[in-house]
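Computed from a prediction, not measured in an experiment: that's the story for all the values here. Letters go in sequence order (proteins before strands), and every chain restarts at 1.
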2 protein chains.
Amino acid sequence: MKGAVVPHTRNRSRDELNVTDDLNVTDASNLATAGSAQPVTPRASRRGRPAATIYDIAKLAGVNPSTVSRALSKPGRINVKTEERIQAAAKELNYRLNPMARALPTGRSSTLGLLLADITNPMFFDVVRGAERAASLRGYTLILAESQESADRESAAAERLSPSVDGLVLVTSRMSDAKIVELTDRQPLVVINREVDGVPGIVPDIAPGIDEALAHLGGLGHTAIGFVSGPENSWMNRARWAALLVRAPQRGMTIVEIGPGVPTLDGGAAALDRVSASGVSAVLAYNDLMAIGLMRAAQARGLTVPGDLSIIGFDDIFGSDFTSPQLSTVRTPLGSIGERAVRLILDVIDEDAGESPHREIGPQLITELVVRGSTGPAAR
Amino acid sequence: MKGAVVPHTRNRSRDELNVTDDLNVTDASNLATAGSAQPVTPRASRRGRPAATIYDIAKLAGVNPSTVSRALSKPGRINVKTEERIQAAAKELNYRLNPMARALPTGRSSTLGLLLADITNPMFFDVVRGAERAASLRGYTLILAESQESADRESAAAERLSPSVDGLVLVTSRMSDAKIVELTDRQPLVVINREVDGVPGIVPDIAPGIDEALAHLGGLGHTAIGFVSGPENSWMNRARWAALLVRAPQRGMTIVEIGPGVPTLDGGAAALDRVSASGVSAVLAYNDLMAIGLMRAAQARGLTVPGDLSIIGFDDIFGSDFTSPQLSTVRTPLGSIGERAVRLILDVIDEDAGESPHREIGPQLITELVVRGSTGPAAR
DNA sequence: GACATTCTGTCAACCGGTTGCCAAAGTGCA
DNA sequence: TGCACTTTGGCAACCGGTTGACAGAATGTC
């Protein structure tokens with residue numbers, strides 16, 4: 001008899017299974033007056049066998065588990081005949097790879113974390129869409145987390161996500177540069193709408209849109225402009241203000257900053273008093289949300305837009321053309337930004353893994369003015 | 001000498017580490033004219049030591065790894081003194097538990113999958129917010145996936161997520177009942193806005209809102225109503241239509257179904273011809289997106305709302321009060337629905353795990369009419 | 001002081017994959 | 001037929017945790 005020390009034997013006795021078919025179909029007719037929380041039918045316990053593993057496949061195909069692993073993830077490493085047998089067994093067992101089991105030895109989860117400041121800001125729609133597309137194209141899954149405009153919550157979310165994602169995309173980070181650099185030291189990370197020394201990032205070129213906006217306003221006779229400012233800790237807020245501060249005087253316009261404020265409808269509405277008091281005839285707001293909030297507050301007070309006040313937003317979010325008048329706004333190519341950001345971080349990840357460091361420099365991400373109804377001639 | 005067979009020795013020589021401080025700070029000044037894709041600074045490779053494990057803690061605290069595991073996750077099982085020592089070591093090493101390593105033996109990932117039909121439908125804002133709140137309250141993370149209104153893509157997403165989540169929440173599923181039941185057999189699952197036999201779900205009570213809407217329209221003199229219908233495979237679409245079909249005649253009104261159509265702005269706009277041709281003086285649309293699309297299309301054609309046509313939407317999404325006139329709509333308590341759905345699925349999960357099957361039946365999730373400007377007296 | 005009971009920490013198996021190393025089998029070429 | 005080289009598949013360690021079983025120490029009881 002051979003030696004009998006079996007060091008790591010797996011004894012799984014899950015082959016035969018119950019399937020006691022006690023499904024108790026409750027009659028849930030009467031669609032129309034649907035109740036609220038439908039009571040759960042007493043489901044004794046999850047039926048259906050546990051998910052198949054490579055060990056099950058190995059047994060069925062009569063090979064070693066490691067061979068199954070290779071057949072499934074290293075095409076060509078295994079004899080074609082064997083590979084076919086394994087594929088057949090996998091299909092028969094309806095095998096589905098367990099990503100977490102794979103992530104443990106490889107250290108790669110094929111998962112990316114996307115940190116947003118505020119889910120309810122429609123600006124994120126397109127970013128998420130674009131990111132999703134680029135991610136799934138390369139077999140990655142996105143995990144979304146929201147920081148609700150708080151640097152602390154953002155940093156907590158990053159810490160929480162960190163062990164289970166291959167990389168982090170910060171969409172409109174509220175964290176300090178130092179914290180971001182610290183995170184970048186630990187794992188691949190890219191920022192959107194922000195520049196941090198030594199951290200890869202995707203930032204649209206805001207200059208064209210702002211130039212167009214100022215030219216547009218100048219052409220309408222406005223000479224005193226306001227900037228309804230967003231969060232102080234937003235890099236993009238500072239960037240937009242900085243650009244205006246340089247460019248407005250170049251065109252012979254005066255410009256004042258009104259704020260900072262929270263980047264929401266309410267934040268925009270809250271700026272109305274200061275806007276009125278400032279005597280400006282036109283404002284740019286940090287984003288469309290604030291612009292719309294301001295517009296509605298102004299209208300509620302009997303002012304007309306653009307008669308008494310011209311308003312321009314940023315981003316061209318969903319709904320910015322619902323308003324009356326429709327909002328003029330500096331469009332940001334959000335979808336492309338999300339897409340590029342994910343491609344960039346995947347490149348960083350691959351590079352860390354020692355693969356080809358190809359980095360495509362695509363077309364510029366430029367912004368442009370969308371002229372709609374909320375801008376008009378300055379009152380004489 | 002004792003026996004010397006060490007079966008599973010871990011030899012990690014990661015104690016000393018490099019930290020070659022070659023951070024090459026590139027000067028990225030000039031905020032305003034930010035370029036597009038900022039080139040990545042040549043980052044030799046990820047700096048910073050690999051994440052600490054319980055083995056590192058064990059060595060530092062002079063105990064066995066299993067003791068560390070217990071100290072960290074089974075408070076009280078371990079001597080207070082030892083536990084403190086371990087906690088201190090964990091803090092010193094900045095230890096962070098690896099969720100995937102934990103998920104493997106326990107089979108629980110503390111992660112929930114949320115399947116949406118369309119991220120860009122603002123209806124999901126509140127659902128996601130509510131779900132997020134309930135999930136994080138109980139230590140769970142949400143993974144969002146989008147099916148883009150396709151049953152196939154939805155089912156594929158469910159399959160893909162399945163191995164790595166503890167449960168699935170289908171928000172507005174487009175899959176067949178059979179498929180949903182099949183998934184439910186494999187793992188905890190709850191549906192929102194849908195009733196499926198034997199599958200736990202959260203559905204708002206649409207009757208009150210629809211009654212109010214019909215009463216409102218009746219009071220304004222409307223007798224011929226249209227329902228601009230959404231996707232055929234949407235349970236909620238059928239439910240709304242079924243409710244209207246029963247209730248409108250009870251009030252002496254006629255009602256016709258116009259559709260089906262895609263549940264977007266464009267889908268609503270596309271229904272305009274059929275709405276005009278039908279001769280109705282008021283319509284309810286499947287959701288706010290279609291209602292707004294229809295309203296804008298009507299206005300673009302020179303019709304007035306509500307003068308020529310009264311319009312009511314469903315859900316009261318973000319932006320439904322941006323329009324002019326503002327949209328009257330049947331509000332759905334989306335946030336509560338998301339919250340309740342997550343609580344429900346966590347109960348299902350706990351129950352499967354053999355814990356207390358407490359199930360709170362909260363207040364009813366009722367809908368209500370929000371009267372704004374898009375409804376008015378019927379034309380004589 | 002003897003014995004039963006509770007506390008506390010260790011051992012080793014296990015979750016489901018991946019992968020370096022190696023030997024057996026197959027192939028090519030002289 | 002002999003030998004070098006390539007293919008192919010198995011073995012066992014490993015990723016980072018969890019947990020049942022168990023033994024030694026501490027404590028309680030009479």
What integer distance in Å separates B:I57:CD1 from D:dG16:P? 12 Å
For A:I54 and A:S69, work out which heavy atoms get closest and say how close. CD1-CB, 4.4 Å
Strand-adjacent residues in residues 69-81 of chain B, judged by heavy atoms under 4.0 Å from DNA chain C: B:R70, B:R77, B:I78, B:N79
Non-hydrogen atoms of B:R194 and B:M175 that approach each other most closely: NH2-O, 2.6 Å
Side chain of B:T67, heavy atoms from C-beta onward: which of D:dC11, C:dT10, C:dT18 has the nearest atom to it? C:dT10
Residues touching DNA chain C, which here means a heavy atom under 4.0 Å, drawn from residues 87-95 of chain A: A:Y95
When you look for runs of 3 or more Watson-Crick or G-U pairs in a row, both distances below 3.5 Å, which of them include DNA chain C? C:1-30 with D:1-30
For C:dC11, does either OP1 or OP2 sit under 4.0 Å from a side-chain N or O belonging to B:N64? yes
Please state how far atom OH in A:Y55 lies from atom P in C:dG17, giving the value in whole angstrom units. 8 Å
Are B:E132 and B:R129 ion-paired here, with the side-chain N under 4.0 Å from a carboxylate O? no
Side chains of A:S150 and A:D152 only: does a donor on one sit below 3.5 Å from an acceptor on the other? no
Would you say the side chains of A:R96 and A:N94 form a donor-acceptor pair under 3.5 Å? yes
Base of D:dC15 paired with side chain of B:T53 (donor-acceptor, under 3.5 Å): no
For a quick test of reading the model, state the closest non-hydrogen atom pair linking B:M100 to A:S109 and the distance between them. SD-CB, 4.0 Å
Can you give me the closest heavy-atom contact between A:L114 and A:A131, atom names plus distance? CD2-CB, 4.3 Å
For A:R108 and D:dG16, what is the distance between atoms CZ and P respectively, to the nearest whole Å? 16 Å
Between A:T141 and B:R160, a side-chain donor and acceptor under 3.5 Å: yes
Atom CD1 of A:I86 and atom P of C:dG17: how far apart are they, to the nearest Å? 13 Å
Interatomic distance where CZ belongs to A:R85 and P belongs to D:dT8 [whole Å]: 13 Å
OP1, OP2 of D:dG9 versus side-chain N and O of A:T82: anything below 4.0 Å? yes
Can you see which heavy atom on A:I78 is nearest to which on A:A71, and at what distance? CG1-N, 3.9 Å
Output the residues of residues 99-106 of chain B in contact with DNA chain C, where contact means a heavy atom of the residue under 4.0 Å from an atom of the strand; sort by number or write none. B:L104, B:P105
Salt bridge check, A:K74 against A:E83: does any charged N sit closer than 4.0 Å to a carboxylate O? no
Salt-bridge test for A:R138 and A:D347: reply yes if a basic N is under 4.0 Å from a carboxylate O, no otherwise. yes
Which whole-number value in Å describes the distance from B:L97 CG to D:dG16 P? 12 Å
Partners passing salt bridge (Lys or Arg N to Asp or Glu O under 4.0 Å) against A:E92 (at least two apart in sequence or in another chain): none
Partners passing salt bridge (Lys or Arg N to Asp or Glu O under 4.0 Å) against A:E339 (at least two apart in sequence or in another chain): A:R133, A:R343
For residues A:I349 and A:D166, report the shortest heavy-atom separation together with the two atoms involved. CD1-O, 3.6 Å
